[in-house]
Colleague: 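Let me give you the structure first, and then I'll get to my questions.
Position 1 is the first residue of the sequence; numbering continues from there.
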Amino acid sequence: MNEAEILKEFTTAEAILKGHFVLSSGLHSDTYLQCARVFMDPARADRLCSALAAKLRQKLPDIQFDLVASPAMGGVIVGYEMARQLNLPSIFCERENGQFTFRRGFSIPQGAKVLLIEDVVTTAKSSLEAIESIKAHGGDVVAEACLVDRGEGAANLSIPLVSLLKLSVATYKPDALPDHLKDTPAVKPGSRFLKSA
């Protein structure tokens, strides 16, 4: 799957939104990738995750994974579909009192080689929090994969990040908004609750 085909999947799903958005990282952007719309179509999810799984095998041929873990909410479906593609078990962490933890009877075998899966990585803040939770529960995160790398997160990670698509979308700190966003009300479409825009 090439970049044009991947972008067409997102465009067809109406998953590339324009406006003024507060990302889960707290940064602002005029573009938001709503991957939930991409995963409304199981055939599309299969195509994209099959391509990501193939790229992961190509980029990291020597790494064997025991388990796929993903952060709720955005990573749940992509994590499950990637686990299906890789024939691995899938679990997810979710926030409890603001911290990622594993509930619902999920556990990680001590020393398990974990592949972290997210839909979109921007600053890698959620990734880093999920990695800490996985480590605290006995796992060893050896790589991360995502559908879209917005270009800023890989530098913050100490593990390989494999993305299906690298998409450079400008982000802004709340106190440094460009004119075209200053007068537009901000929307918070992400899954992490933010107290203020």
Side-chain angles (χ1 to χ4, degrees), residues 1-13 15-16 24-25 31-93 108-109 111-135 138-169 171:
M1 207 172 219
N2 63 38
E3 183 175 314
E5 292 169 329
I6 296 163
L7 281 170
K8 184 177 180 185
E9 294 282 9
F10 276 82
T11 303
T12 302
I16 302 175
S24 61
S25 63
T31 304
Y32 185 76
L33 300 164
Q34 183 52 273
C35 287
R37 292 202 51 85
V38 172
F39 288 108
M40 289 173 63
D41 178 353
R44 179 178 293 115
D46 177 67
R47 287 190 299 273
L48 291 170
C49 289
S50 175
L52 180 55
K55 188 171 184 179
L56 185 66
R57 288 183 192 108
Q58 176 202 10
K59 296 277 186 186
L60 304 174
D62 299 327
I63 298 180
Q64 297 296 314
F65 305 106
D66 300 314
L67 179 69
V68 166
S70 56
M73 270 302 294
V76 173
I77 297 173
V78 67
Y80 173 81
E81 182 60 27
M82 283 297 295
R84 189 181 74 79
Q85 296 287 338
L86 299 169
N87 197 30
L88 294 170
S90 173
I91 63 174
F92 60 87
C93 54
I108 301 173
K113 303 294 183 201
V114 178
L115 172 63
L116 180 63
I117 300 288
E118 289 219 53
D119 53 357
V120 177
V121 173
T122 300
T123 64
K125 183 176 180 180
S126 290
S127 300
L128 294 169
E129 292 174 11
I131 289 168
E132 286 306 311
S133 183
I134 292 165
K135 285 180 183 177
D140 179 18
V141 181
V142 294
E144 179 171 2
C146 63
L147 287 181
V148 181
D149 175 3
R150 288 179 55 132
E152 305 151 29
N156 296 324
L157 296 169
S158 61
I159 57 173
L161 174 65
V162 176
S163 63
L164 189 58
L165 177 68
K166 287 190 180 194
L167 191 63
S168 182
V169 177
T171 57

Colleague: Please list all pairs meeting salt bridge (charged side-chain N to carboxylate O under 4.0 Å, His left out) that have one or both residues in residues 113-122, counting only residues at least two apart or in different chains.
Modeller: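 Only Lys113-Asp140 qualify under salt bridge (charged side-chain N to carboxylate O under 4.0 Å, His left out).
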Colleague: Quick one: side chain to side chain contact (heavy atoms under 4.5 Å, CB included) partners of Leu164, sequence neighbours excluded?
Modeller: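 With sequence neighbours excluded, Leu164 shows a side chain to side chain contact (heavy atoms under 4.5 Å, CB included) to Ile6, Leu48, Ala51, Leu52, Leu147, given in chain and number order.
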Colleague: To the nearest 0.5 Å, how far apart are CG in Leu167 and CD1 in Ile16?
Modeller: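 The CD1 atom of Ile16 is 6.5 Å from CG of Leu167, to the nearest 0.5 Å.
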Colleague: Applying side chain to side chain contact (heavy atoms under 4.5 Å, CB included), can you list everything that pairs with Ala15, at least two apart in sequence or on another chain?
Modeller: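 For Ala15 the side chain to side chain contact (heavy atoms under 4.5 Å, CB included) partners, ignoring immediate neighbours, are Phe10, Ala13, Arg37, Val38.
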Colleague: What residues, two or more places apart in sequence or in another chain, satisfy side chain to side chain contact (heavy atoms under 4.5 Å, CB included) together with Leu88?
Modeller: Phe65, Val68, Leu86
Colleague: Using every non-hydrogen atom in the two residues, find where Ser163 and Val148 come nearest and quote the distance to one decimal.
Modeller: CB-C, 4.5 Å
Colleague: Listed by chain and number, what are the ring-ring contact (aromatic ring centres under 6.0 Å, His included) partners of Phe39, not counting sequence neighbours?
Modeller: none
Colleague: Return the minimal non-hydrogen interatomic distance between Ser70 and Gly75, and the atom names on each side.
Modeller: OG-O, 3.0 Å
Colleague: Atom SG of Cys146 and atom CE of Met82: how far apart are they, to the nearest 0.5 Å?
Modeller: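 CE of Met82 is found 10.0 Å from SG of Cys146.
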Colleague: If the condition is side chain to side chain donor-acceptor pair (under 3.5 Å), which residues does Ser50 pass it with, not counting sequence neighbours?
Modeller: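 Testing Ser50 for side chain to side chain donor-acceptor pair (under 3.5 Å), a comparison that skips the adjacent residues, returns none.
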Colleague: Evaluate the side-chain proximity of Val142 to Leu60: yes if any heavy-atom separation is below 4.5 Å, no if none is.
Modeller: no
Colleague: Under the salt bridge (Lys or Arg N to Asp or Glu O under 4.0 Å) test, which residues partner Asp66, sequence neighbours left out?
Modeller: none
Colleague: Taking the side chain as everything from C-beta on, heavy atoms only, tell me whether Pro71 gets closer than 4.5 Å to Leu116.
Modeller: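 Result yes, sub-4.5 Å side-chain heavy-atom pair found.
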Colleague: Please collect all salt bridge (charged side-chain N to carboxylate O under 4.0 Å, His left out) contacts where either partner lies in residues 45-65, sequence neighbours excluded, each pair once.
Modeller: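 Sorted pair list: Glu9-Arg47, Asp46-Arg84.
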Colleague: Where do Ala145 and Leu56 come nearest, in terms of heavy atoms and distance?
Modeller: CB-CD1, 4.3 Å
Colleague: Is the number of heavy atoms from other residues, nucleotides or ligands under 6.0 Å of Glu5 CD greater than 12?
Modeller: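 Atom CD in Glu5 is crowded, with more than 12 foreign heavy atoms closer than 6.0 Å.
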Colleague: Just verifying a value: how many Å separate Ser127 OG and Glu144 CD, rounded to the nearest 0.5 Å?
Modeller: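 Those atoms lie 3.5 Å apart.
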Colleague: More than 12 heavy atoms of other residues, nucleotides or ligands under 6.0 Å from CZ of Phe92: yes or no?
Modeller: yes
Colleague: Is there a side-chain contact between Thr12 and Arg44 (heavy atoms, below 4.5 Å)?
Modeller: yes
Colleague: Answer yes or no: is there a side-chain heavy-atom contact under 4.5 Å between Cys35 and Val78?
Modeller: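 No; the side chains remain at least 4.5 Å from each other.
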Colleague: Partners of Lys8 by salt bridge (Lys or Arg N to Asp or Glu O under 4.0 Å), sequence neighbours excluded?
Modeller: none
Colleague: Could I get the full list of side chain to side chain contact (heavy atoms under 4.5 Å, CB included) partners for Asn87, not counting sequence neighbours?
Modeller: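 Here no residue qualifies.
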Colleague: First locate atom CG of Leu7, then atom CG of Leu165, and finally report the distance between them rounded to the nearest 0.5 Å.
Modeller: 5.0 Å
Colleague: Between atom OG of Ser90 and atom CD1 of Ile77, what is the distance when rounded to the nearest 0.5 Å?
Modeller: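 Reported value, rounded in 0.5 Å steps: 11.0 Å.
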